[in-house]
Protein chains: 2
Amino acid sequence: MERIQTLLRNHDIRPSYTRMAIYRYLDEHREHPTVEAIYDALSATLPTLSKTTIYNTLNLFVRHHLVKEIDLQDHKRYDIVRTPHAHFKCDVCDTLYDIDITPPIAPKHADISDVRDAQLVYHGTCKRCRQAV
Amino acid sequence: MERIQTLLRNHDIRPSYTRMAIYRYLDEHREHPTVEAIYDALSATLPTLSKTTIYNTLNLFVRHHLVKEIDLQDHKRYDIVRTPHAHFKCDVCDTLYDIDITPPIAPKHADISDVRDAQLVYHGTCKRCRQAV
DNA sequence: CCTGTAAAATGTAATGATTACAAAAATATA
DNA sequence: TATATTTTTGTAATCATTACATTTTACAGG
């Protein structure tokens with residue numbers, strides 16, 4: 001908790017209790033939760049928590065490069081910023097798996113001035129769903 | 001137009017006039033248009049065209065692997081299926097550029113049974129927007 | 001301790017893309 | 001031509017996200 005407090009401060013974010021709780025949840029739940037999932041989980045201990053706060057806080061984290069937003073067909077998912085990796089989304093059960101591969105560096109391109117981030121998402125069917133047929 | 005008709009037939013899609021028009025638009029406009037853009041462009045010549053039809057048709061094309069859906073923060077974009085490539089999205093002007101790089105093959109992974117597709121999207125600022133500051 | 005001010009959190013309403021659904025139009029079939 | 005099927009359409013519903021105004025909390029200075 002000390003660690004999270006320092007981390008937020010280092011990123012120019014005042015470490016309120018709610019913010020630390022949201023960050024900690026993301027840190028301890030690496031399954032790329034949706035806002036809904038975070039809300040359901042934290043409401044138990046923070047009964048007055050509102051979804052708006054979660055949206056605000058996550059957007060704040062994203063702006064300050066603490067968290068990455070993963071854009072899928074339906075909801076947005078959120079992931080702690082850590083070593084570069086890719087994702088595999090099972091289009092049957094919607095689970096998002098981590099894949100241990102570093103996205104390639106973007107090649108030189110006439111229109112590109114500055115690349116900040118790379119998202120690599122594979123789509124398909126996971127083992128569990130394949131066997132369930 | 002003959003070509004498109006055959007293409008649709010080869011993918012088990014009956015080549016109605018509307019469907020061919022939508023496919024042709026995507027084929028001739030590689031800037032990854034949104035549904036809105038397609039609607040605005042085709043309404044001129046197909047005055048009764050409805051957005052629902054565009055949604056239906058694009059989803060049909062995606063199911064039959066004629067078109068790829070690109071998931072960004074806001075709207076979905078659509079792209080003709082062609083040789084594998086990546087995208088660069090300028091987060092200032094929202095333009096989506098093609099990048100001539102093949103996404104890497106997914107490595108072996110305990111949870112993956114079958115990979116159908118890979119989406120590689122870079123984020124940053126494009127030259128035009130960088131200079132506009 | 002108070003008190004005032006800024007920041008954070010909240011609740012409700014609005015937005016806007018996408019889908020559901022049922023009806024109308026077009027097309028194929030017999 | 002009549003009928004069945006497919007395609008298209010329009011409207012209404014859904015649902016994630018944001019806007020906005022208000023309330024609550026934290027905090028500095030007296």
Side-chain angles (χ1 to χ4, degrees), chain A residues 4-5 8-9 11-25 32-64 66-79 89 91 94 96, chain B residues 4-5 8-9 11-25 32-64 66-79 89 91 94 96:
Chain A
I4 293 175
Q5 193 166 343
L8 296 193
R9 281 229 176 79
H11 287 257
D12 290 319
I13 294 173
R14 293 171 59 173
S16 76
Y17 186 76
T18 309
R19 285 169 178 172
M20 289 197 289
I22 293 174
Y23 187 90
R24 186 174 58 177
Y25 185 84
H32 326 93
T34 62
V35 166
E36 190 76 21
I38 300 171
Y39 178 77
D40 290 346
L42 295 185
S43 286
T45 46
L46 294 170
T48 70
L49 183 66
S50 87
K51 274 192 195 167
T52 302
T53 299
I54 299 178
Y55 278 108
N56 289 341
T57 304
L58 290 174
N59 287 336
L60 182 74
F61 286 169
V62 169
R63 281 199 305 278
H64 290 251
L66 269 170
V67 163
K68 275 195 192 185
E69 191 178 285
I70 307 170
D71 304 311
L72 300 181
Q73 295 104 321
D74 42 2
H75 325 302
K76 291 177 180 163
R77 315 277 189 113
Y78 294 90
D79 199 8
K89 162 131 188 293
D91 288 325
D94 280 355
L96 194 63
Chain B
I4 293 177
Q5 193 167 343
L8 295 194
R9 282 228 176 80
H11 287 257
D12 289 319
I13 294 172
R14 293 171 58 172
S16 76
Y17 187 76
T18 309
R19 285 169 179 172
M20 289 197 289
I22 293 174
Y23 187 90
R24 185 173 59 176
Y25 185 83
H32 325 93
T34 62
V35 166
E36 190 76 21
I38 299 171
Y39 178 77
D40 290 345
L42 295 184
S43 286
T45 46
L46 293 170
T48 70
L49 183 65
S50 88
K51 275 192 194 167
T52 301
T53 298
I54 300 178
Y55 278 108
N56 289 342
T57 304
L58 290 173
N59 288 336
L60 183 73
F61 287 169
V62 169
R63 281 200 305 278
H64 289 251
L66 268 170
V67 162
K68 276 194 191 185
E69 191 178 286
I70 307 170
D71 303 311
L72 300 181
Q73 295 103 323
D74 42 2
H75 326 302
K76 291 176 181 164
R77 314 278 190 114
Y78 295 89
D79 199 7
K89 161 130 190 294
D91 289 324
D94 281 355
L96 194 63

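Proteins come first, then strands; the chains are lettered A, B, ... in the order of their sequence lines, and each starts at number 1.
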Has the side chain of Thr53(B) got a donor or acceptor atom that lies under 3.5 Å from a matching backbone atom of Leu49(B)? no

Taking the nucleotide of DNA chain D with the closest heavy atom to each, which residue, Val35(A) or Thr52(B), is nearer the 5' end? Thr52(B)

Is it true that a side-chain atom of His32(A) and a backbone atom of Asp79(A) form a donor plus acceptor pair closer than 3.5 Å? no

Whole angstrom is fine here: how far is it from NE2 in His75(B) over to C1' in dT17(D)? 13 Å

Phosphate oxygens OP1/OP2 of dT7(D): is one of them under 4.0 Å from a side-chain N or O of Arg14(B)? yes

d(CG, Leu58(A); P, dA8(C)) in whole Å: 15 Å

Just to confirm, is there a sub-4.0 Å distance from OP1 or OP2 of dT17(D) to any side-chain nitrogen or oxygen of Tyr55(A)? yes

With sugar-phosphate meaning primed atoms plus P, OP1 and OP2, does Thr18(B) contact a base, only sugar-phosphate, or nothing at under 4.0 Å between heavy atoms? sugar-phosphate

Quick check: on DNA chain C, is the nucleotide nearest Tyr17(B) upstream (toward 5') of the one nearest Lys51(B), or the reverse? Name the residue that is more 5'. Lys51(B)

Quick one: is dT10(C) close enough that its OP1 or OP2 comes under 4.0 Å of any side-chain N or O from Thr53(A)? yes

Between Arg19(A) and the options Asn56(A), Ile4(A), Leu8(A), Leu66(A), the side-chain contact (heavy atoms from CB on, under 4.5 Å) test singles out Leu8(A)

Protein-nucleotide distance (Met20(B), atom CE; dT27(C), atom P), rounded to Å: 11 Å

Taking only N and O in the side chain of Ser50(B), is any of them less than 4.0 Å away from OP1 or OP2 of dT8(D)? no

In whole angstrom, what separates Asp94(A)'s CG from dA16(D)'s P? 12 Å

In this structure, how many angstroms lie between the P atom of dT19(C) and the CZ atom of Arg63(B), rounded? 11 Å

Can you tell me if Arg19(B) touches the phosphate of dT8(D), counting only side-chain N or O atoms and a distance under 4.0 Å to OP1 or OP2? yes

Please give, in whole Å, the distance from dT14(D) P to Gln73(A) CD? 22 Å

The residue, Asn59(B) or Ile54(A), whose nearest nucleotide of DNA chain C is more 5′ is Ile54(A)

Taking only side-chain N and O atoms of Thr48(B), does any of them lie within less than 4.0 angstrom of OP1 or OP2 on dT9(D)? yes

Atom CD1 of Ile13(B) and atom P of dT5(D) are separated, to the nearest Å, by 21 Å

Roughly, in whole Å, what's the span from CG in Leu46(B) to C1' in dT7(D)? 13 Å

Ignoring hydrogens and geometry beyond distance, is a side-chain donor-acceptor pair present between Gln73(A) and Lys89(A) at under 3.5 Å? yes

Check: His75(A) side chain, Thr34(A) main-chain N or O, donor-acceptor pair, under 3.5 Å: no

Does any donor-acceptor pair link the side chain of Ser16(A) with the base of dT25(D) at a separation under 3.5 Å? no

